[in-house]
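Everything on this sheet refers to the single structure shown next.
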Amino acid sequence: MLEIEGIRLGFFCSTQDGKVTTNRKFHLKNLTFERVMEAFEKNLRDFELLLDLSLSLGCGVFRLGSDMVPFASHPNFKREWLRPIEEALVGFSRRLKDYPIRITMHPGQFVVLSSPKEQVLSASLRELEYHFWLLDRLGVGREGVVVVHVGGLFEGKEGALKRFKKVLKEQGWLTERLVVENDERHYTVEDLLRAELPIPIVYDHYHHTLNPSNFQPDEVLSTWGDRVPEFHLSSKPEGRHRFGEHGEWVKREDFLVFLRLFGGRRVDLILEAKAKEKALQRLLTEIKSIGL
DNA sequence: TTCCGTCAAGTCGAT
DNA sequence: ATCGACTTGACGGAA
């Protein structure tokens with residue numbers, strides 16, 4: 001297992017070329033049991049291939065794609081379809097134990113627990129239920145976190161954070177796996193710390209550079225209790241790009257800055273680079289050349 | 001086989 | 001007003 005000053009690495013969802021992916025899906029108008037099973041079975045098979053690849057690269061963490069079971073939280077998805085999927089997942093959970101790899105998830109931007117719209121909130125909760133269910137069936141423990149953002153500003157940060165907090169209180173089950181990440185626009189690490197949420201904080205280094213704030217590394221680490229923190233690292237793309245866009249690669253310098261903050265602590269770091277495992281390999285080559 | 005318009009969902013800011 | 005950014009581009013019909 002690769003470990004650099006306590007930091008373990010991982011990538012997410014698919015290979016760079018997209019040929020191996022846990023996010024296979026189809027158009028909603030084609031939603032049938034057969035299509036769901038076809039996509040799910042391929043996703044599950046590729047999940048194992050991605051675990052093998054992660055293992056061979058020395059990774060200690062992998063992010064499973066949210067489309068593993070396509071449309072699982074959609075109203076048109078029939079509950080009875082879950083039965084055979086559940087069987088396959090439980091079957092796979094035995095093999096999953098052979099991998100010393102932490103599995104986590106990060107649902108889409110549609111999960112907005114701070115939204116004042118009742119419908120947005122209920123759809124978000126359904127989607128989170130699906131994520132938790134999937135990790136439960138896979139036999140993943142509490143280290144299998146589900147990462148979300150606070151969401152929009154609406155009428156102001158205070159109100160949004162208040163609603164976010166209220167949902168966490170009312171839906172106690174969320175605290176079992178839910179964790180919250182700083183974003184590149186609104187909610188800084190400091191905002192999240194000051195909100196005193198009952199869940200851990202995911203430090204995203206790129207977001208922090210775009211939307212900085214003051215905090216002590218220990219403050220963030222201590223939100224994780226006895227669990228190993230999951231943090232994120234990516235780099236700015238070369239050339240013209242839109243604000244917040246992630247680069248193909250992770251720059252060595254960005255990793256070194258991250259190390260200065262959290263090196264020596266036990267942290268799982270997901271590289272959110274578009275080049276996926278290739279970015280991880282490139283970064284490893286680059287840091288090896290300077291003797292790390 | 002390749003190409004390109006389209007796809008469940010939220011929210012925001014850049015253009 | 002529209003587009004496209006976010007954790008991830010893949011599907012599906014046309015050429």
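Order of the sequence lines sets the chain letters (A, B, ...), proteins ahead of strands, with each chain counted from 1. For the numbers below, each heavy atom of this structure counts, side chains included, while hydrogens, waters and symmetry mates do not.
- For the residue pair A:Ala273 and A:Glu248, the shortest heavy atom distance occurs at CB-O, 3.2 Å.
- The side chain of A:His74 lies closest to B:dA8, out of B:dT11, C:dC11, B:dA8.
- The nearest pair of heavy atoms linking A:His106 to A:Ser66 is O-OG, 3.5 Å.
- Within 4.0 Å (heavy atoms only), A:Ser73 reaches at least one base atom of the nucleic acid.
- With a cut-off of 3.5 Å on both pairing distances, the Watson-Crick and G-U wobble pairs of DNA chain C assemble into stems of 3 or more at B:1-7 with C:9-15, B:10-15 with C:1-6.
- Relative to the ring axis of A:Phe33, A:Lys78 does not place its NZ or CZ within 45° and under 6.0 Å from the centre.
- Taking atom CG on A:Leu153 and atom C1' on B:dG10, their separation rounds to 13 Å, with Å as the unit.
- Between A:Arg252 and A:Leu283, the shortest heavy-atom distance links the atoms CA-CD1, 3.9 Å.
- Listed in residue order, the members of residues 273-286 of chain A having a heavy atom less than 4.0 Å from DNA chain B come to none.
- On the P atoms, B:dA8 is 10 Å away from C:dG12, given to the nearest whole Å.
- For the pair A:Phe243 CZ and C:dC3 C1', the interatomic distance rounds to 17 Å; values are reported in whole Å.
- Rounded to whole Å, the separation between the C1' atoms of B:dC3 and C:dC6 comes to 26 Å.
- Classified by interplanar angle (parallel below 30°, tilted 30° to 60°, perpendicular above 60°), the ring pair A:Phe132/A:Trp173 is perpendicular.
- Spacing between C:dG9 and B:dT11 at atom P, rounded to whole Å, works out to 24 Å.
- Here the side chain of A:His27 is nearest to one of B:dT11, B:dA8, C:dC6, namely B:dA8.
- The stretch residues 177-212 of chain A touches DNA chain C through A:Glu184, A:His207, each having a heavy atom within less than 4.0 Å of the strand.
- Taking atom NZ on A:Lys42 and atom P on C:dA10, their separation rounds to 13 Å, with Å as the unit.
- In this structure, A:Asp67 atom CG and C:dG9 atom P are separated by 12 Å, rounded to whole Å.
- Considering only the side chain of A:Val112, B:dG10 comes nearest among C:dA5, B:dG10, C:dG12.
- If you take NE2 of A:His106 and C1' of C:dA5, they are 13 Å apart, rounded to a whole angstrom.
- Atom NZ in A:Lys25 sits about 9 Å away from atom C1' in B:dA9, given to the nearest Å.
- Side chains of A:Glu230 and A:His232: a donor on one and an acceptor on the other come within 3.5 Å.
- Geometrically, A:Arg137 does not engage A:Phe92 in a cation-pi contact, judged by NZ or CZ lying under 6.0 Å from the ring centre and within 45° of the ring axis.
- Using P as the reference atom, B:dC7 and C:dA1 are 23 Å apart when rounded to the nearest Å.
- Straight-line distance from the CG atom of A:Leu28 to the C1' atom of B:dT6: 13 Å, rounded to whole Å.
- At whole-Å resolution of the value, NZ in A:Lys236 and P in C:dA5 are 15 Å apart.
- The side-chain ring of A:Phe110 is not stacked on the base of B:dG10, judged by centre separation under 5.5 angstrom and plane angle under 30 degrees.
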